[in-house]
Colleague: 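Structure below; questions to follow.
Values below: every heavy atom of this structure, side chains too, minus hydrogens, waters and symmetry copies. Numbered from 1 within each chain, the chains take letters A, B, ... in sequence-line order.
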Number of protein chains: 2
Amino acid sequence: MLKISKKADYALMALQHIASVQFGDITPGRVVNTKEIAEEYHIPLELLAKVLQVLSKNGLIESHNGPKGGYLLARSARQITIAQILESIEGPLAITDCSHEKDGDYCMQREHCNIRTPLLKIQDSIYQLLNNMTLGDMLGGTPLITIQSPSAQGVER
Amino acid sequence: MLKISKKADYALMALQHIASVQFGDITPGRVVNTKEIAEEYHIPLELLAKVLQVLSKNGLIESHNGPKGGYLLARSARQITIAQILESIEGPLAITDCSHEKDGDYCMQREHCNIRTPLLKIQDSIYQLLNNMTLGDMLGGTPLITIQSPSAQGVER
DNA sequence: ATGATCTCCGATCAATATGGTCGTACTAAA
DNA sequence: TTTAGTACGACCATATTGATCGGAGATCAT
C-alpha cells in the first residue's frame, strides 16, 4: 500500500543519474540519452523514454534532439523537489479521492463522512515531507530530511 | 498517486463509527452491526462485511455472532493507530518494492540503484506519521498530529 | 543534401490490482 | 427450532499499470 509506481521509480532514478552526471566531476554539463540510462539501470528503454518525455513536457528536464542529443536538468537539482517529480508522473498526489472532487462527481459518503478532515491533515503532512526534499538531497552527502523523533510510542510491526 | 484504497477508506469510516458509538454519550458499549454502518455511509454491504472480517481477524475489533451481534473495538481507540488499520487492510505499507524483497526476487536495478536509501527515509517518515496518529485522534476534539514546520523552502504548487 | 541517429508522440496490448457480488456454512439469541 | 446475524471462500468485472510497437520530426556528421 502507498506504493509508488514503477514509472515514478524510473523517473527518480533517471533524474538522479542525470543530475549526478551533470554536476559530477567527470564530465560536467554532458547530456545524457535515454539508452544510457536504460542500460545502466536495466529499465525497459521504451518505457523510460516515455517517462522522460513526460518529465520534459512538465519542464523538469530539457530535451536536445538529434545525434549526440539527450536530456539535461531544466534547473538546479536543489530546485526540483520529490513532490514535483512524483506529481509530474502520477498526477496530483492525493490520499483521498474527495480532496479534489470536481462538482460533477462527489462521493456518496461525503455528507456523512467522518474521516475527511483527518485524512486531509495526513495528506498535507506527506506533501510537506515530499516537497521539502529535493533531488539535490538525493545526490548523497547532505543530510536528507529531519525525521521527527523516531520514539515510536506505539506498537512494533 | 499515493491513493489509499476504498477498502481502507471503508475501514477507517467503520472504525471511526464504531468508536464513536462505543464511547459516545448516547448508547455507550453498544455493539454495531455491518448493516448499520453500510447504510449510514452508503457502503456496499458485502464489501464492508469483508473489510470488517479482516479487521477482526487482525485483532482490531471483536465480532459477536448471532442476532443482536455486531462489532466492538478490541482495545481503546487511543491504542489503535492509523498505520495499524491501513496495514491490516492493505498489507505492509511500503513505498518501494525493494524494502521487503524476499531473497528470490529482487529488482534488477538493486545493485545500481541510486534512490533506495532516500526512498527508505521517506517511507520511514510516512510510517512515523501514520503510526503516531490514533483512531482516538480522529474522533474530533483533540488536535491531530504535530506537523513538522511547514516552512516550505521550495516551490508552491 | 543525404543518411544515420536520436527524440517525440500516439496507439495498443497484457498483466495485475481493485471494487464489488454471490452462495453457503456457522452461531447465538428468542 | 427458527431466525437474524456474522464468517468465509470463490468468483467476476473493470480500472490501472507496466510494457510494446510504429512512425514522424529534428539534428548532426559526412
Colleague: Could you go through A:Q79 and A:L135, starting from their C-alpha distance and side-chain angles, then the distance that decides it, and tell me whether this counts as side-chain contact (heavy atoms from CB on, under 4.5 Å)?
Modeller: CA-CA 8 Å; A:Q79 294 178 306; A:L135 186 55; over 6 Å; no

Colleague: Just the rounded figure in Å: distance from P of C:dG10 to CG of A:L47.
Modeller: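 It works out to 17 Å between those atoms.
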
Colleague: Let me see the working for B:I126 and A:L2 under side-chain contact (heavy atoms from CB on, under 4.5 Å), right down to the final yes or no.
Modeller: CA-CA 10 Å; B:I126 293 183; A:L2 282 188; 4.0 Å; yes

Colleague: Taking side chain to side chain donor-acceptor pair (under 3.5 Å) as the definition, give me every residue that meets it alongside A:S76, ordered by chain and number, with sequence neighbours left out.
Modeller: none

Colleague: Please list every donor-acceptor pair under 3.5 Å in which a side-chain atom of residues 17-25 of chain B meets a protein atom from a residue at least two apart or in another chain.
Modeller:
| residue | atom | partner | partner atom | Å |
| --- | --- | --- | --- | --- |
| B:H17 | ND1 | B:Y41 | OH | 2.9 |
| B:H17 | NE2 | B:E36 | OE2 | 3.1 |
| B:S20 | OG | B:Q16 | O | 3.4 |
| B:S20 | OG | B:H17 | O | 2.9 |
| B:Q22 | OE1 | B:L73 | N | 3.0 |

Colleague: If you group Ile, Leu, Val, Met, Phe, Trp and Tyr whenever their side-chain heavy atoms sit less than 4.5 Å apart, what else falls in with B:L45?
Modeller: none

Colleague: Only pairs at least two apart or in different chains count here, so list each side-chain hydrogen bond (donor to acceptor under 3.5 Å, both in side chains) that has a residue in residues 61-70 of chain B.
Modeller: none

Colleague: What's in the same ILVMFWY side-chain cluster as A:V31, cut-off under 4.5 Å, chained through other members?
Modeller: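 Members other than A:V31 - counting any ILVMFWY side chain reachable under 4.5 Å - are A:L72.
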
Colleague: In this structure, how many angstroms lie between the P atom of C:dC6 and the CZ atom of A:R30, rounded?
Modeller: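 After rounding, the gap between these two atoms is 13 Å.
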
Colleague: Report the distance from atom CD of A:E39 to atom P of C:dC6, rounded to the nearest whole Å.
Modeller: 11 Å

Colleague: So, is B:Y10 near the phosphate of C:dG19, with a side-chain N or O under 4.0 Å from OP1 or OP2?
Modeller: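 Negative; the distance criterion is not met.
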
Colleague: Under 4.5 Å side-chain heavy-atom separation, chaining through any Ile, Leu, Val, Met, Phe, Trp or Tyr, what else clusters with A:I26? Say none if it is isolated.
Modeller: none

Colleague: Using heavy atoms to find the nearest nucleotide of DNA chain D for A:S5 and B:L52 separately, return the residue whose nucleotide is more 5′.
Modeller: B:L52

Colleague: First contact, last contact: which nucleotides of DNA chain D are these for chain B, 5' to 3', heavy-atom distance under 4.0 Å?
Modeller: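 Contact boundaries, 5' end first: D:dA4 to D:dA10.
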
Colleague: Output the rounded distance in Å from CG (A:L2) to P (C:dT18).
Modeller: 11 Å

Colleague: Got a sec, which residues hit side chain to side chain contact (heavy atoms under 4.5 Å, CB included) with B:K6, two or more places apart in sequence or on another chain?
Modeller: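 Listed in chain order: A:D97, B:Y10.
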
Colleague: Over how many whole Å does the gap from B:E90 atom CD to C:dG19 atom P extend?
Modeller: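 Checked: the CD to P distance equals 7 Å.
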
Colleague: In whole Å, I'd like the distance from the CG atom of A:N33 to the P atom of C:dT5.
Modeller: 13 Å

Colleague: Just the rounded figure in Å: distance from P of C:dT18 to CG of B:L86.
Modeller: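 After rounding, the gap between these two atoms is 13 Å.
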
Colleague: Grab the OH-C1' distance between A:Y71 and C:dC6 for me, whole Å please.
Modeller: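 Value for this atom pair: 10 Å.
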
Colleague: How does each nucleotide of nucleotides 22-30 of chain C score, in 5' to 3' order, for protein heavy atoms under 4.0 Å: base (B), sugar-phosphate only (S), or none (-)?
Modeller: -----BB--

